[in-house]
Amino acid sequence: MIFKEKTFTLFSLIMLIFYINNLAAEDIARYEVTGNSIIKPLNDLTGKPERGQELFRDQNKGNCLACHRLSTLNDSFQGNIGPLLDNVTLRLTEAQIRLRIADMKQVNPYSIMPGFYRSPERINRISPLYEGSTILTAQEVEDIVSYLVSLNLKSSGEYK
Amino acid sequence: MKPFNLSLFQFLLLFIVCLLLISSPLKAELISGYDFLSNQAKEMQNDDFQNPGYAMIEQGLTTYNRKGENDKLCSQCHGENGDKFIPESIAQFPKFHKILKRPVTLRDQIQLCWGKRLDNFPLLYDDTDLLALETMIRNKAYGEEVNVNISGNMQPYYDAGKKFYLTRFGQMDMNCAQCHDIYTGKMLRGQKLSQGHTNGFPLFRLESQKMVNLPQRLRECFRSLRAETFAQDSDEFRNLEIYLNARGNGLKIETPAIRY
C-alpha cells in the first residue's frame with residue numbers, strides 16, 4: 001500500500017530530525033562549586049582566548065559589554081553597571097571567575113548579572129525558544145574565562 | 001542641662017543639613033523618560049508634525065466617529081471629538097469597576113464601551129483601532145498628573161503588581177527593579193537606564209519605529225529577557241500596569257510620547 005509507505009517515510013524523517021536535534025543539544029555539564037569558585041574547567045574543556053574575545057563582545061552571546069567596560073577594547077558603547085574588568089585577575093582567581101560567569105547568583109543572590117551557565121531548572125518562565133538551554137555552552141564559558149585571564153597577563157601594569 | 005545657644009549662622013547650617021538629608025538619596029525623585037531623551041528626540045515629541053503619535057490620534061478620532069452596530073456613537077456620551085472626557089478621570093486608570101468588581105485599565109474600559117454601548121464585536125487587544133482610541137483618549141489628559149488610587153479594593157492588585165515587578169524572569173534572570181530602580185542612570189551599552197515610567201503611553205518607540213501600548217512594550221521586555229511572555233489582557237500585566245502607573249503618581253501624562 002502506497003499510502004502506508006509514505007506515512008512510514010514521513011514518520012522516519014521526523015524521527016531522524018528529532019534525533020539530530022538531540023545530538024545538537026549539549027548536555028549541561030554538572031560542576032562542583034568549592035567555596036566561591038569552580039576549580040575544574042567545565043566538561044574538562046580548554047578555552048580559546050581569541051574566541052573568548054568575540055563572545056565577550058557579541059550581543060547575542062556574552063554581551064558582557066552591555067554592563068562592563070574593558071579599556072583594551074575600543075567598542076564605542078560600553079556599559080557601567082558592573083565593574084571595569086581590566087585587572088580582574090588581580091582580584092579573582094581563574095576558578096572564581098569561572099563561577100562568576102557560570103552563575104553569579106551563587107555568589108550574590110541579588111546580582112543583575114545573568115548566570116551564563118545557570119541550570120535551566122533554576123530559571124523562572126524561560127521562553128520556549130530557549131527551553132532547556134543555557135546562554136553560553138560549556139566551551140563558550142571556558143573561552144571567555146581564558147580570555148579574561150590572558151588579557152590580564154598581557155596588559156598587567158600598563159593599562160590606563 | 002544648659003540650653004543650647006546657636007548663632008543664626010549655626011542654626012541656618014543645621015537647617016540646610018536637615019533639608020539635604022530629607023531630600024535626595026533617601027527619597028528617589030520621579031523622573032519622566034522624557035528627561036532621558038536626546039534634544040532631537042525631545043523636539044520630535046513636542047512637535048505635532050514630527051511626532052507620529054498625532055497620526056495615531058487622527059486615526060483614533062476616525063474610529064471614535066464610526067457608528068456602532070446599534071447605530072450609536074461614542075460622541076453621544078463623550079462629546080464631539082471627545083471634548084467631554086474628564087482629564088482627572090482618565091489619569092486615574094486603572095481603577096476599580098464597581099459592577100465588574102475588578103480593576104479595569106483604560107483599554108479595558110474602551111473594550112467595555114465598544115462591546116456594551118456600541119454593540120460591536122470585541123476588538124483584539126492587538127487591534128490598531130484599540131491602540132488608536134487609547135492614544136486619542138489618553139491624550140485628552142495631556143499634562144494631567146497620573147493619580148491611581150491604591151487603597152481599599154485596589155490594594156491587593158497593587159500588591160500583586162509590585163510582587164511581579166520584583167520577580168525575576170527568563171534566561172536573563174532579571175527583574176524590573178534591577179534596571180529601573182537599582183541601576184537607573186547607569187549605561188546599558190549605549191542606553192541610559194530610565195526609571196521605567198508609564199506616563200507617556202501609548203508612545204512611539206524609536207527603536208522599533210512603532211506606536212505601542214504598555215502591554216506591547218512589556219512583551220518586548222519579556223522578549224529581551226528571553227522569558228515566556230503573558231497575554232496582553234492577562235491579570236499579571238493588568239496588575240503590573242496598576243503598580244507601574246501608581247509608581248509614577250504625580251508625573252504628568254505625555255501621551256503620545258517618544259521613547260527609545
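This structure is a prediction, so every number in the text was calculated from the model and none was measured. Sequence lines set the chain letters: A, B, ... in the order given, protein chains first and strands last, and positions in each chain run from 1.
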Q: Decide if atom NZ of B/Lys252 counts as having more than 12 heavy atoms of other residues, nucleotides or ligands within a radius under 6.0 Å.
A: no
Q: Chain A heavy atoms under 4.5 Å from B/Met174: which part of the residue, side chain, backbone, both or neither?
A: side chain
Q: Given a strict heavy-atom distance threshold of 4.5 Å, which part of B/Thr167 is in contact with chain A: side chain, backbone, both, or neither?
A: side chain
Q: Given the options A/Gly79, A/Pro120, A/Ser76, which has more heavy-atom pairs under 4.5 Å with chain B than any of the others?
A: A/Gly79
Q: Rounded to the nearest 0.5 Å, what's the gap from CZ on B/Arg189 to CG on A/Asp75? Could you check?
A: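 Result: 6.5 Å between the selected atoms.
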Q: So which heavy atom on B/Gln171 is nearest to which on A/Thr134, and how close?
A: NE2-C, 3.2 Å
Q: Would you give the length of the straight line joining atom CG of B/Asp173 to atom CE of A/Met113, rounded to the nearest 0.5 angstrom?
A: 12.0 Å
Q: Between B/Glu228 (side chain only) and A/Pro128 (backbone N and O only), is there a donor and an acceptor less than 3.5 Å apart?
A: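 Such a contact is absent between B/Glu228 side chain and A/Pro128 backbone.
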Q: Of all heavy-atom pairs between B/Met172 and A/Lys105, which one has the smallest distance, and what is that distance?
A: O-NZ, 4.4 Å
Q: Can you confirm whether A/Ile123 sits close enough to B/Arg226 that some side-chain heavy atom of one is under 4.5 Å from a side-chain heavy atom of the other?
A: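 With C-beta onward as the side chain, the pair stays apart.
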Q: Can you find a heavy atom in the side chain of A/Phe77 that is under 4.5 Å from one in the side chain of B/Gln191?
A: no
Q: Could you list the residues that satisfy ring-ring contact (aromatic ring centres under 6.0 Å, His included) with B/Tyr165, not counting sequence neighbours?
A: B/Tyr243
Q: Which answer fits A/Arg118, side chain, backbone, both or neither, if we ask what part of it has an atom under 4.5 Å from a heavy atom of chain B?
A: side chain
Q: Please tell me if the side chains of A/Ile81 and B/Leu193 come closer than 4.5 Å, counting only heavy atoms from C-beta onward.
A: yes
Q: Please flag which part of A/Leu65 lies under 4.5 Å from any non-hydrogen atom of chain B: side chain, backbone, both or neither.
A: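 For A/Leu65, heavy atoms of backbone and side chain both lie under 4.5 Å from chain B.
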Q: Could you note down all residue pairs passing side-chain hydrogen bond (donor to acceptor under 3.5 Å, both in side chains) where residues 215-225 of chain B supplies at least one of them, sequence neighbours left out?
A: B/Asp126-B/Gln216, B/Arg205-B/Glu220
Q: Is the CD atom of B/Gln209 crowded by more than 12 outside heavy atoms at less than 6.0 Å?
A: yes
Q: Would you say the side chain of B/Cys179 lies within less than 4.5 Å of the side chain of A/Ile112, judging by non-hydrogen atoms?
A: yes
Q: Cationic tip of B/Arg168 within the cone over A/Tyr110's six-membered ring, i.e. under 6.0 Å and within 45° of the normal?
A: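 Output no; distance or angle outside limits.
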Q: Need one label for A/Glu131: side chain, backbone, both or neither, based on atoms under 4.5 Å from any heavy atom in chain B.
A: neither
Q: Between A/Asn80 and B/Lys186, what is the shortest heavy-atom contact and its length?
A: O-CD, 3.3 Å
Q: What part of B/Phe169 gets within 4.5 angstrom of chain A, counting heavy atoms only: side chain, backbone, both, or neither?
A: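 Backbone plus side chain of B/Phe169, per the 4.5 Å heavy-atom cut-off to chain A.
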Q: Would you indicate whether A/Lys40, at its atom NZ, is surrounded by more than 12 heavy atoms from other residues, nucleotides or ligands within a distance under 6.0 Å?
A: no
Q: OG of A/Ser127 to CZ of B/Phe222: how many Å apart, nearest 0.5 Å?
A: 11.5 Å
